[in-house]
Amino acid sequence: MVWSALTDGFAEALKRAGLWSEGRLARLELAIPREPAHGDWTTNLALLIARDAGRPPRAVADALVAAFPRDPEMFSGIDVAGPGFINFRYAQAFLDRLPSRILADGPLEAAARRGFGCFDHAHGLRVQVEYVSANPTGPLNVVNARAAAVGAALVRLLNATGHSADGEFYVNDAGTQVDLLGQSVAARFAERVGIPRAFPENGYQGEYLHDLARELSEREGRAALAGDNGEAWFRNQSLERILDWQRGDLAEYGAEFARWVRESELHARGDVDATLEALRARGMLYEAEGATWVRTTQLGDDKDRVVVRSSGLPTYLLPDVAYHHDKRARGFRHSIDLWGPDHHGRILPLKAALQALGLEPDFLEVLIVQQVNLLSGGQPVKMSKRAGEFITLRDLMEDIGADCAKFFFLMRSTNAHLDFDLDLARRQNDENPAYYVQYAHARIASILRFAAERGLAPAQFAGPGEPGLAAPAEQTLARKLAAFPEVVRGGALAREPHRLPAYLQETAAVFHRFYHECRVVSEDRALSLARLRLAEATRLVLHNGLALMGVTAPERMEREAEAAT
RNA sequence: GCGCCCGUAGCUCAAUUGGAUAGAGCGUUAGCCUCCGGAGCUAAAGGUUACAGGUUCGAUUCCUGUCGGGCGCACCA
């Protein structure tokens, strides 16, 4: 892989040039320049260490270039440019061999850390990604859908880059929200069977409450209503059913979770109490106004937080701390949590409380998944959370399909608001970027079928006389394919899955250009085989990129009912 | 009032963590199907990166302030 060759090369070059230090190598940043004239790879290392080395940037760059170990099979040119950039240019032989190497690496399987695009950057670092974690009080909404797409993609990206990452879903099945659910369903049920019962203030609204009430057995429900703890029965019955809905929808959507952890487990196991005592033992608690507080201000929070209310019940914070402590105890070295936009106020308190418990300051990383505005006909789709009327994950899957939904959610950076154009997503034509990428994949599959009918397959070689990739469109495409591992590495490192769809759209565009300029299957057998391998390598890269996004890569695509018009 | 996110082409968004001449899609305009899938391609037009300062070799990116939009600021989650 090019990235590791460059990294190793600079370690060697720094030593040979008498400029070695661990810290300088750590500052090495390799990038693929957007301007082709600046080569295929570039680094500003000389600019960064010039001051420290006491020499002008260009002199440092010249020294590094002179000392850089040459591999003519990989790079034909290493140049110093501008104020001191070092630019690398691929050798023709490297580009010619690239398709074969990509095909040898094969399909990407993130969980197995295998395939073209994977590289062991992290040596199995245990990372946990907690995402969605919706309350079990209703169907999953569009922000949940966005979080599901992003979280699942992050898990795959992390595994592809040598982390050992698991997805996890935290179920808030204790506390006031699910109690309120129980009260709401109990009231709806009572309504159904003709027993007067007040609907709770701020109770949950929406059609699904009636569905739940209908599903619950009239016999058991009536008995439960009569008992003292009727609401607990309704709460438990309802949240299990809602959890089943959520699990089913997420599985269908392709978001996988290694574990579903319940808040109630933490209470039952004594983890919450143990956390409280651990905080107390560390001198981080105090009593005031009848409540128990944790000294988070000592660790960067703007106020201390209540962990046990004057009623004796814990606030949300305590089980949250217990949960994250449990993650650490299970061997995860890092936790990436995806939270909704209305929860950013919880970041500082939780981080501070975890430190109060002795966890590393950077153990927890929180990504905010920003809100989604659904647009239809250029207008926002009206949703009323109060009335329980909103578009659900299931609605989205039925309307535009899981592939398209995931592609759209992953197109934008996670922490920016997203305007989701439903009309565009519904369109099955070239304006829809999801189809654009999938179409390129299907088109290549079609070319391969066409070639196979003529006895040509990418695995065949014409022999020593086989031509290289000479046409500009071929070279542009090969260079684009070579960039894929770096997109995966950068996307994982920056937690930015949106780089994948952007790259795939570019790759598809470059392929289409190649297709128009270069006839793949022709009378020239040797040339046909070389181009067929390039096309197949492109198909594999598109497949691998889509796989990281959780989007299918179809062999064929047919439009729905358009011939009729 | 305080905190977080955002402000880039008519619209929706990128810009490789501070890099070299700010790029795509949609929309607009003008073209390309005897040939491997036209769900495709080519070209044109479109910008004082909200505004004003600052930091340095270099700023869309970092800092300060102003303006505008969103979300928080509980002994709910």
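Letters A, B, ... mirror the listed sequences (proteins, then strands); counts begin at 1. Heavy atoms only: backbone and side chains are in, while hydrogens, waters and symmetry mates are out. All of these numbers come straight from a predicted model, not from anything done at the bench.
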Classify [X] by what it touches in the nucleic acid, base, sugar-phosphate, or nothing, heavy-atom distance under 4.0 Å.
X	value
A/Q438	nothing
A/P33	base
A/N135	sugar-phosphate
A/R34	base
A/H516	base
A/E517	nothing
A/S413	sugar-phosphate
A/I32	base
A/Q370	sugar-phosphate
A/R513	sugar-phosphate
A/R51	sugar-phosphate
A/A494	base
A/N87	base
A/F450	sugar-phosphate

From [options], nucleotide with atom closest to [X] side chain:
X	options	value
A/R449	B/rU16, B/rA77, B/rG37	B/rG37
A/A31	B/rC75, B/rG37, B/rU17	B/rU17
A/H417	B/rU16, B/rG70, B/rC41	B/rG70
A/E496	B/rA15, B/rA39, B/rG19	B/rA15
A/Y439	B/rA39, B/rC35, B/rU12	B/rA39
A/Y316	B/rC75, B/rU16, B/rA77	B/rA77
A/F85	B/rG69, B/rG37, B/rA20	B/rA20

Is a side-chain donor-acceptor pair under 3.5 Å present for A/Y323 with A/D271?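 Result is no, nothing qualifies.
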Strictly below 4.0 Å: does [X] bring a side-chain N or O up to OP1 or OP2 of [N]?
X	N	answer
A/T176	B/rC76	no
A/Y503	B/rG23	no
A/N415	B/rC6	yes

Just the rounded figure in Å: distance from [atom2] of [N] to [atom1] of [X].
X	N	atom1	atom2	value
A/W339	B/rC4	CH2	C1'	13 Å
A/D421	B/rU12	CG	P	11 Å
A/R27	B/rG18	CZ	P	12 Å
A/H498	B/rU16	NE2	C1'	10 Å

Table of protein N/O atoms under 3.5 Å from nucleotides 72-74 of chain B N/O atoms:
from	atom 1	to	atom 2	distance (Å)
B/rC73	O2'	A/K303	NZ	3.2

Apply the test ring pair (Phe, Tyr, Trp, His ring centres under 6.0 Å) to residues A/F511 and A/F514: give CA-CA distance (whole Å), side-chain angles for both, the deciding distance (0.1 Å), then the verdict. CA-CA 5 Å; A/F511 173 78; A/F514 157 78; 5.7 Å; yes
Between A/P433 and A/R412, which residue's closest nucleotide on RNA chain B lies nearer the 5′ terminus?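 Residue closer to the 5' terminus by nearest nucleotide: A/R412.
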For A/V520 and A/L317, take the nucleotide of RNA chain B holding the closest heavy atom to each; which residue's nucleotide lies nearer the 5' end?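 Its nearest nucleotide being more 5', the pick is A/V520.
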Whole-angstrom distance between [N] and [M], as gauged at atom [atom1]:
N	M	atom1	answer
B/rG68	B/rC51	P	15 Å
B/rG65	B/rG3	P	9 Å
B/rU48	B/rC2	P	32 Å
B/rG23	B/rU55	P	28 Å
B/rC67	B/rA52	P	15 Å

Using Watson-Crick and G-U wobble pairs whose two distances are both under 3.5 Å, how do you write the pairing of RNA chain B as dot-bracket, with | for links to another strand? (((((((..((((.....[...)))).(((((.......))))).....(((((..]....))))))))))))....
Would B/rC26 be called syn or anti, given that syn covers angles within 90° of 0?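 What B/rC26 shows is an anti base, its glycosidic angle lying more than 90° from 0.
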Given the structure, check if the side chain of A/S310 and the base of B/rC75 hold any donor-acceptor pair shorter than 3.5 Å.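 Side chain to base: pair found, below 3.5 Å.
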Least distance between heavy atoms, A/P319 atom then A/P314 atom: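 Looking at all heavy atoms of both residues, the closest pair is CD-CB, 4.4 Å.
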